[in-house]
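First up is the structure itself, then whatever we jot down about it.
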Amino acid sequence: MIQIVVLLKYIIESTFLLDYHQWVTRQQKKNKPWTFETVLRSHTPTDSKGRICLQMLLNSVLVAVTDLAARLLGNATFRRHFHLLLSGLVVFGPALSLWVSQYSIFAKKSHFLYRMFLRSGWGWTCVFTGSFIFLLSFSVRRSLVISLRHLSRLLVAGVLWVGFRRVMSVLENATGSCYEPLSAPPDGHPMQGVAEPGQPLLLLREGETKVTCLGSGMLWRGYEVSEDAFLLCMCCLLLAEETAVFGPYLTLGGPSGAPLRLLFLFCVLLLGLWIFLLLCLLAYFPQFPTQLVGGALGCLSWRGLYQGWYRMGPSWYCPGRPGVGLLTSQSRKHGHQSDPYGANKVEWN
């Protein structure tokens, strides 16, 4: 913090003074030598020195922000109770519909965040999380095989997501029915059993699937599970698991350049965006039974993978847990690799 304050003072002083060398001379006459003068003295112009100071300032801010986020995500209490927090959002989130305004910009499915991120949520998760996992593992071990082994966890989750969509499609086609809306009774005769005047009548159409029914402008009624709730819950838990290793990794003294820290920060921002979109869906488009089942399946998928299968350790049939095989402080001194979780007795609950 002292370094950042001194750098800010230098930038402000050098901006308002006409000549940089006059300012240095004045500081020397006051017997207040500038501690960074020996570092920044060169034959480059003043604006180059300003850019150097700006880069140092931005790098200090990046380190401070990523360290804070890494300590939060790597905290044992956060890791242990994050799925409970997410479950509470799914259960009690629809109650927010009593307070939100239906005239808000987030009450429209055509909103930019829904079109840009929600429809391709798995793609965004794979791009940022996969880049972070690959750079973290490859920068430590320099092994393409180990990096691909860690990336295989995303492949498993992708296969699970595709399989879930196929199963839900079969279930909806088996339990649902297609109805054709009628704006008026046929032959001009009033129909019995109409709940409200002006409400469209429904005519059952047999042999239709959900895709063809909705494509023809008709109505589909059947048992559905919210794919959006499943995807957002699974992506949130996946991001929390994959990024939680960065805190212990920094504590053990692993190499952490600006690209790795930026990717980690992007993953944290993406996690916050998924939580925000989940709250928007629950508040503005409440579908309590379907969203509850979708969120429950997302949590169960995380439980089966990260709390079950991956605990068996890395092998030909199991990719292992996040962070297994990363560099430790002991391995940097003695030149060998070991498991940071076993070396530091970190329990990932």
Side-chain angles (χ1 to χ4, degrees), residues 82-102 104-111 113-125 157-181 195 199-200 202 204-205 208-240 271 273-305:
F82 178 70
H83 69 284
L84 298 178
L85 173 63
L86 204 64
S87 302
L89 292 180
V90 176
V91 174
F92 301 104
L96 297 175
S97 60
L98 301 176
W99 291 278
V100 298
S101 174
Q102 296 302 321
S104 173
I105 58 175
F106 298 106
K108 301 178 181 179
K109 281 288 190 178
S110 59
H111 191 270
L113 290 179
Y114 301 139
R115 292 185 289 105
M116 188 66 182
F117 293 98
L118 186 58
R119 295 180 182 178
S120 56
W122 180 243
W124 287 104
T125 304
V159 172
L160 185 65
W161 163 239
V162 174
F164 168 81
R165 297 187 64 181
R166 297 290 179 86
V167 172
M168 290 300 102
S169 178
V170 174
L171 180 62
E172 290 175 2
N173 290 328
T175 59
S177 301
C178 184
Y179 297 88
E180 180 180 359
Q199 183 179 5
L202 299 178
L204 179 62
R205 297 287 297 270
E208 297 283 350
T209 63
K210 181 179 178 180
V211 176
T212 57
C213 179
L214 296 179
S216 302
M218 295 181 286
L219 300 178
W220 181 266
R221 292 185 177 179
Y223 183 78
E224 299 181 4
V225 177
S226 177
E227 295 182 1
D228 293 334
F230 172 84
L231 176 63
L232 289 176
C233 289
M234 187 178 68
C235 288
C236 287
L237 292 169
L238 185 146
L239 279 167
L271 174 60
L273 177 61
W274 292 157
I275 295 176
F276 176 74
L277 288 180
L278 181 61
L279 282 174
C280 288
L281 288 179
L282 296 173
Y284 293 102
F285 311 98
Q287 298 175 355
F288 185 76
T290 62
Q291 291 173 345
L292 181 62
V293 175
L297 288 177
C299 293
L300 287 176
S301 301
W302 161 80
R303 176 73 68 177
L305 293 178

Ignoring hydrogens and angles, write down the donor-acceptor pairs under 3.5 Å from the side chains of residues 115-122, residues two or more places apart or on other chains.
from   : atom 1 : to     : atom 2 : distance (Å)
Arg115 : NE     : Ser110 : O      : 2.8
Ser120 : OG     : Met116 : O      : 3.1
Ser120 : OG     : Trp124 : NE1    : 3.2

| All ring-ring contact (aromatic ring centres under 6.0 Å, His included) counterparts of Phe288, not counting sequence neighbours | none

| Validation row: Asp228, Phe285 side chains within 4.5 angstrom (heavy atoms) | no

| remark: By salt bridge (Lys or Arg N to Asp or Glu O under 4.0 Å), Arg303 pairs with (sequence neighbours left out) none

Among residues at least two apart in sequence or on other chains, which ones pass side chain to side chain contact (heavy atoms under 4.5 Å, CB included) with [X]?
X	result
Leu160	Met234, Ser301, Leu305
Ser169	Asn173
Glu224	Glu172, Lys210, Trp220, Thr290
Val225	Phe164, Met168, Tyr223, Val293, Leu297

| message | Run the disulfide (SG to SG under 2.5 Å) test against Cys280 and tell me which residues pass, sequence neighbours left out. | response | none

| query | Between Cys213 and Cys178, is the SG-SG gap less than 2.5 Å? | reply | yes

For the residue pair [X] and [Y], what are the closest heavy atoms and their distance?
X	Y	result
Gln291	Ser226	CA-CB, 3.7 Å
Tyr114	Lys109	CB-O, 3.6 Å
Leu237	Gly298	CD1-O, 4.1 Å

| query | Please walk me through it: do Cys236 and Phe82 pass side-chain contact (heavy atoms from CB on, under 4.5 Å)? | reply | CA-CA 9 Å; Cys236 287; Phe82 178 70; 4.3 Å; yes

| query | Pick from Leu279, Leu281, Leu292, Leu232: which one makes a side chain to side chain contact (heavy atoms under 4.5 Å, CB included) with Val90? | reply | Leu292

| task | Quick one: pull up CG in Leu113 and NZ in Lys108 and give me the separation to the nearest 0.5 Å. | result | 14.0 Å

| Who passes side-chain hydrogen bond (donor to acceptor under 3.5 Å, both in side chains) against Thr125, sequence neighbours left out? | Trp274

Distance-only donor-acceptor hits, side chain of residues 92-102, under 3.5 Å, sequence neighbours excluded:
from   : atom 1 : to     : atom 2 : distance (Å)
Ser97  : OG     : Pro94  : O      : 2.6
Ser101 : OG     : Tyr103 : N      : 3.2

